[in-house]
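Right, one structure below, let's go through it.
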Amino acid sequence: MKLLRHPLVSQPLTALIAAAVLVVQSNQLWAQAPDDPINRGSQAGQLLGADIFPDASRLGTADANGNVTLFPGQARELNIGAAELFPGAGSTLTVEQLRNSFNNPAGIEAMGRDSQTGLAEQNDQTGEAYRTVTGSRDNMAPDLRGDPVWGQTGSTVSNLESIRENFAYCTTTRAFAPGSMTAHVPDLRTCDRVYDPGATFTLHHAYVANMVQPVSGPSNFASCGADCLEMWVGRVGNDYYSGNCSVFEEEVVFRSTNPNAIQSAHVVRVVYDDYMQIWLGGTKVWSGPNGDAFPPETGGRCELGRSRDQALSVDVTSRLKQEGEGRFRIRTSVTGRGEGYALVRIVFNPGEIIQGDDWGTNEDIARLVSASDGFCTANVSCDIMPPLDAGNCATIDGIRVCPENFTSDESRFMAGFVNPICRQATVNLSCGFTSGPMECWTDANGNRQCPVANGPRQDTCAPLRQNASCGFVRTECVEGAQGPSGTCYVYQDVYDCGYSTEIPSVTPATEISCPGPIRCMGTECTNPVFESNNNFAQAAASLQALQMIGQDGTCTAADAAAGSCELFPGEARTCKRAVGGMVNCCEQPGGVSLGDYLKLVMAIGKVDSAIMSMEGTSQLRGAWEVLRSPLTDTWAAAQEAWTSTVNSVTGSTTSAATEAASQGLLTTAKQAMLRQTAEWTVELFGTEATNMLFSTVAVDASGVAGAAAVDGSIAGGALQLGGGQAIIGTALGWIMWAYMVYQVFTILVNIIWACEESEFQLGVERQLKSCHLVGSYCNTSFGTCIERRESYCCFNSPLSRILQEQIRPQLGMDWGTARNPQCGGLTITQFGSADWTRVDLSEWVAILNAEGLIPDPTTVTLQSLTGSGREVLNAASPTGTRPDALTRTQERLQGMDIQDLQSQSLDQLRGAAAAP
């Protein structure tokens with residue numbers, strides 16, 4: 001409990017308490033009296049007051065030294081110095097002196113004497129006030145209890161009814177309007193979706209390897225190197241024309257299909273007899289052999305007597321780099337026999353010569369990617385392969401094409417399976433990454449389990465999709481199931497199959513009617529606006545949270561000194577399942593009662609809290625008990641707590657004569673509470689679970705504590721929490737273990753899967769809403785995912801898990817990875833840094849409401865909250881029935897003369913002040 005007094009814990013707890021108290025003690029809604037002249041006049045007065053409200057700057061100012069000026073700049077200006085406002089402000093006492101006085105009674109006493117000496121001589125209002133007070137201690141105070149001055153007051157109080165009608169005769173009506181809020185309790189379920197690309201399919205590689213294609217006319221193409229293509233324009237041959245100064249024409253139509261690949265194009269050779277012209281489109285690009293002479297169209301001799309083979313370098317690059325059709329026209333003037341044709345040499349970029357370099361659909365390629373990822377194996381055979389030369393290259397349309405000319409991502413990828421020159425390939429893809437032996441384990445019965453997975457259903461999510469109560473939350477790739485390409489082969493889908501619950505609440509409304517002639521009393525003539533909050537359930541849940549926070553932390557003296565105390569510590573847990581569902585050790589067991597667990601937590605918490613409050617130096621007798629006895633020091637008794645811890649726990653209203661008597665009552669009450677709770681525990685949860693929580697106090701020299709429960713019954717003798725075989729640790733920690741022992745034993749009786757005991761424990765904790773799903777991972781070698789492990793961070797209660805989930809995102813804290821989850825608790829500093837306005841406890845409220853652990857606000861009474869409704873404390877009551885707080889207070893006041901006790905206290909106080 002010391003942990004709760006740490007400032008960084010107490011501040012957020014204070015916020016929770018304040019919120020809870022404000023909600024429980026809901027502010028009243030004030031109803032205005034009916035409209036009438038008095039009411040309208042009051043409202044008009046309010047409006048006038050608002051209009052004439054003075055300017056604050058004209059009322060007063062203050063300088064940096066603390067000196068105040070009232071009514072500045074006005075005739076009545078008044079200056080008040082800082083020393084006059086704050087006497088002692090000029091004290092020479094230093095901060096260091098004040099610090100050194102801490103835990104130093106002698107030093108504090110010396111400082112007090114110095115201060116008294118100064119006040120006795122101080123010539124101002126403070127000194128005068130001090131001297132007046134100290135001087136009055138020597139005066140004998142008269143006994144005024146019977147003085148007539150009190151007569152009028154007594155008469156008025158005893159005759160209120162006679163004057164009531166003059167003072168508005170107010171009546172109060174209080175009503176509660178029912179309401180509700182909706183909150184959700186998630187129940188996350190997971191399933192597998194497997195991407196299995198295995199199949200047999202065909203890939204078509206419909207590429208084109210050219211830059212210029214023939215359309216019509218005599219032409220021919222031939223390779224002249226790795227980056228060179230020759231195109232013959234015109235009919236290649238000798239003496240195929242015959243005439244007498246006759247002109248012959250041939251047109252060759254071509255199409256530039258890949259102009260970006262062309263680097264240059266030149267007419268490099270012409271063969272003709274007698275004259276020749278080359279036209280490209282409508283432009284003559286060359287004429288020979290004698291310039292533009294071309295008989296009979298020009299003057300000159302027709303017969304030149306020989307055939308010519310002439311080298312040229314006529315640049316035709318710009319035209320061939322224009323996409324689309326073009327025309328070469330070869331004109332030959334022949335006398336006798338002759339011929340005419342030309343050679344165009346094209347230089348290109350081999351890296352851009354291939355067009356349409358794809359292998360079919362993206363889906364087909366994606367299938368094959370799985371083989372390079374290592375999750376599948378592929379057998380690829382080429383069905384259509386152009387003839388290859390010794391260099392593993394092929395000549396296509398005059399262009400020599402090699403594997404390195406195929407530069408698309410798909411062809412580079414396919415090069416790992418087949419020569420990319422291939423035009424059609426058949427792929428046989430086999431994927432067995434979910435089949436094979438699982439890792440062996442020893443089950444809860446001690447048997448060795450080594451199952452073999454035979455391959456899954458590809459989708460185990462259908463039951464969740466078809467369940468109307470389950471909503472999709474997210475999908476994520478199982479850790480270790482993603483290949484280097486980024487393809488995921490096993491997905492985990494998460495669904496929420498939880499429930500929403502309607503939480504009843506009430507809105508209190510108080511109507512005050514005051515029709516009497518004297519109307520303006522208190523706030524009656526104003527229009528007050530009171531904040532109202534009807535969330536009773538939220539308040540009750542917050543108070544439950546406060547109790548459990550103190551039970552769930554680890555903070556030894558060494559931890560506190562090192563600053564390493566933790567709240568809500570968790571543990572990493574995993575469960576296994578064969579991908580596809582053949583083996584599923586993550587299945588949540590049935591029959592686990594969250595309500596029973598929470599009742600156990602609260603019962604043990606109440607007993608532990610009550611016993612801890614009675615330990616050590618707690619007050620044994622309340623002030624009311626002392627004041628009933630013959631007094632020696634009434635003032636000292638009046639300064640003590642009205643009720644002692646023993647009073648609060650037992651609910652006693654009969655005064656204990658001595659502290660020894662109170663001690664005996666305390667011991668009896670402790671044992672009564674322990675025994676009642678232990679009997680309830682053994683009845684619900686069995687012997688073994690009970691012995692993990694309780695033990696008998698050692699009575700022999702061995703000092704060894706015994707078992708609290710034997711064969712379903714509570715042993716005789718004194719009981720204690722912990723000790724013996726009971727677990728030592730944080731309260732919620734050992735309650736969780738005790739409940740799991742009971743629950744796992746129940747599960748093993750009806751075992752379905754031969755799983756490990758730790759997995760059954762995880763199943764119980766998940767049913768108790770105490771685990772956070774971190775993720776899942778493949779527990780096998782890379783390239784396979786036979787066994788999937790789900791990873792969780794489990795805590796000691798649903799509240800601990802909820803607070804972790806709410807606070808971690810605020811502080812930038814993640815949960816680690818599925819293989820390495822980070823389940824540690826929150827440090828005191830982290831807990832104190834949380835913004836509690838952003839902490840949502842609605843799930844906790846919903847859980848408590850669903851399990852019937854939130855009081856119904858429409859039936860809550862003082863008796864149920866402070867009296868017999870507190871079952872655990874009823875056992876500590878001497879009568880077995882606990883009166884409510886009001887009844888206890890009234891009974892404790894009976895027989896006391898409060899006025900006489902007050903007078904005695906005053907006399908003793910004055911006597912103590914007069915003592916040297």
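A distance below 6.0 Å separates the ring centres of His772 and Trp815. With ring centers used as reference points, Tyr195 lies 6.0 Å or more from Tyr491.
Distance CH2/Trp359 to CZ/Phe406: 8.0 Å, rounded to 0.5 Å. Considering CZ of Arg189 and CZ of Arg766, their distance stands at 8.0 Å, rounded to 0.5 Å. With rounding to the nearest 0.5 Å, the separation of CG in Leu429 from OG1 in Thr377 is 7.0 Å. Atom-to-atom distance recorded for Leu188:CG and Cys771:SG is 11.0 Å, nearest 0.5 angstrom. Here Glu476 contributes atom CD and Asp493 contributes atom CG; the two are 8.5 Å apart, rounded to the nearest 0.5 Å. Atom OG of Ser313 is separated from atom CZ of Arg269 by 15.0 Å, given to the nearest 0.5 angstrom.
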Run Thr257 and Gln355 through side chain to side chain contact (heavy atoms under 4.5 Å, CB included) and show every step you take. CA-CA 9 Å; Thr257 57; Gln355 291 180 288; 4.1 Å; yes

Test log, rule side chain to side chain donor-acceptor pair (under 3.5 Å), inputs Arg193 and Thr475: CA-CA 10 Å; Arg193 281 190 301 109; Thr475 186; 3.1 Å; yes

How far apart are the C-alpha atoms of Tyr489 and Asp373, what are their side-chain angles, what is the distance that settles it, and do they pass the side chain to side chain donor-acceptor pair (under 3.5 Å) test? CA-CA 10 Å; Tyr489 296 91; Asp373 277 345; 2.7 Å; yes

Let's go through Asp358 and His205 carefully: what are the C-alpha distance in whole Å and the side-chain angles of both, what is the deciding distance for side chain to side chain donor-acceptor pair (under 3.5 Å) to 0.1 Å, and is it a yes or a no? CA-CA 6 Å; Asp358 59 71; His205 193 196; over 6 Å; no

Dump the intermediate steps for side chain to side chain contact (heavy atoms under 4.5 Å, CB included) on Tyr777 and Arg819, then the final yes or no. CA-CA 7 Å; Tyr777 64 94; Arg819 284 186 181 273; 3.6 Å; yes

For Glu765 and Tyr792: C-alpha separation, side-chain torsions, deciding distance, then whether side chain to side chain contact (heavy atoms under 4.5 Å, CB included) applies. CA-CA 10 Å; Glu765 290 177 298; Tyr792 293 85; over 6 Å; no

Please test Glu787 against Arg577 for salt bridge (charged side-chain N to carboxylate O under 4.0 Å, His left out), starting from the C-alpha separation and ending with a verdict. CA-CA 6 Å; Glu787 176 187 319; Arg577 61 191 301 170; over 6 Å; no

Walk me through whether Ser776 and Gln492 qualify under side chain to side chain donor-acceptor pair (under 3.5 Å). CA-CA 8 Å; Ser776 62; Gln492 173 184 269; 3.0 Å; yes

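Across the pair Cys585 and Cys575, the gap between the SG atoms, which is the quantity tested here, reaches or exceeds 2.5 Å. Between Cys778 and Cys785, the SG-SG separation falls below 2.5 Å. The SG atoms of Cys823 and Cys794 lie 2.5 Å or more from each other.
Tyr272 contributes no side-chain N or O that, together with a main-chain N or O of Gly338, makes up a donor-acceptor pair within less than 3.5 Å. At distances below 3.5 Å, at least one donor-acceptor pair connects side-chain atoms of Ser372 with backbone N or O atoms of Val369. Distance alone, capped at 3.5 Å, is enough to place a donor-acceptor pair between the Asn258 side chain and the Glu352 backbone. Checking side-chain atoms of Thr395 against main-chain N and O of Ile399 turns up no donor-acceptor pair under 3.5 Å. Within the 3.5 Å criterion, the main-chain N or O of Gly824 finds a donor-acceptor partner in the side chain of Gln804. At distances below 3.5 Å, at least one donor-acceptor pair connects side-chain atoms of Ser246 with backbone N or O atoms of Asn244. Judged purely by atom type and a 3.5 angstrom limit, Arg308 has no side-chain atom pairing as donor or acceptor with the backbone of Tyr275. Checked by atom type and distance alone, the side chain of Asn820 never pairs as donor or acceptor with a backbone atom of Thr817 at under 3.5 Å. Within the 3.5 Å criterion, the main-chain N or O of Pro295 finds a donor-acceptor partner in the side chain of Ser333. A donor-acceptor pair under 3.5 Å links the side-chain atoms of Thr298 to the main chain of Phe294, judged by distance alone.
Salt-bridge formation is detected for the pair Glu756/Lys576: a Lys NZ or Arg NE/NH1/NH2 atom is positioned less than 4.0 Å from an Asp or Glu carboxylate oxygen. Arg329 has no carboxylate O lying under 4.0 Å from a charged side-chain N of Glu250, or vice versa, which leaves the two without a salt bridge. Between Glu410 and Arg412, no side-chain nitrogen of the basic residue sits less than 4.0 Å from a carboxylate oxygen of the acidic one, so the salt-bridge criterion is not met. A salt bridge does not link Asp273 to Arg337: none of the charged side-chain nitrogens sits closer than 4.0 Å to a carboxylate oxygen. Salt bridge annotation for Glu339-Arg235: absent, with no cationic side-chain nitrogen under 4.0 angstrom from a carboxylate oxygen. Using a 4.0 Å cut-off between charged side-chain N and carboxylate O, Arg400 and Asp389 make a salt bridge. With respect to Glu297 and Arg331, a salt bridge is recorded, a charged nitrogen being found less than 4.0 Å from a carboxylate O. Electrostatic pairing of Glu439 and Arg789 counts as a salt bridge here, judged by a charged N lying under 4.0 Å from a carboxylate O.
Looking only at side-chain heavy atoms (C-beta outward), Asn419 and Pro403 come within less than 4.5 Å of each other. Contact annotation: the side chain of Asp187 never approaches that of Tyr499 to less than 4.5 Å [non-hydrogen atoms, C-beta and beyond]. Between Val194 and Thr460 the shortest side-chain heavy-atom distance does not fall below 4.5 Å. Looking at heavy atoms from C-beta onward, Val285 lies in side-chain contact with Ile278 at the 4.5 angstrom threshold. Using a 4.5 Å heavy-atom threshold, the side chains of Arg808 and Asp814 count as separate. For the pair Pro821/Ser791, a side-chain contact is recorded, criterion being any heavy-atom separation below 4.5 Å from C-beta on. Contact of the Thr190 side chain with the Arg788 side chain is registered, since non-hydrogen atoms from C-beta on lie closer than 4.5 Å. Taking the side chain as every heavy atom from C-beta outward, Ile421 and Met385 approach each other to under 4.5 Å.
The cationic group of Arg448 does not satisfy the cation-pi geometry with Trp441, failing either the under 6.0 Å distance to the six-membered ring centre or the 45° limit from the ring axis. Tyr207 carries Arg423 over the face of its six-membered ring, with the cationic atom under 6.0 Å from the centre and within 45° of the normal.
In terms of heavy atoms, Ala209 sits closest to Asp397 at O-CB, 4.2 Å. For the pair Ala342 and Ile330, the tightest heavy-atom approach, listed with the atom from each and the gap, is CB-CD1, 4.4 Å. Residues Ser500 and His184 share a closest heavy-atom pair of OG-ND1, 3.0 Å. Thr407 approaches Gly351 most closely through the heavy-atom pair OG1-O, 3.7 Å. The two residues Leu229 and Ala222 have their closest heavy-atom pair at CD1-O, 3.4 Å. Scanning both residues, Val490 and Cys488, for their nearest heavy atoms gives O-SG, 3.2 Å.
When each of Val347, Val316, Asp315 is tested with Ser264 by the rule side chain to side chain contact (heavy atoms under 4.5 Å, CB included), just one qualifies, namely Val347.
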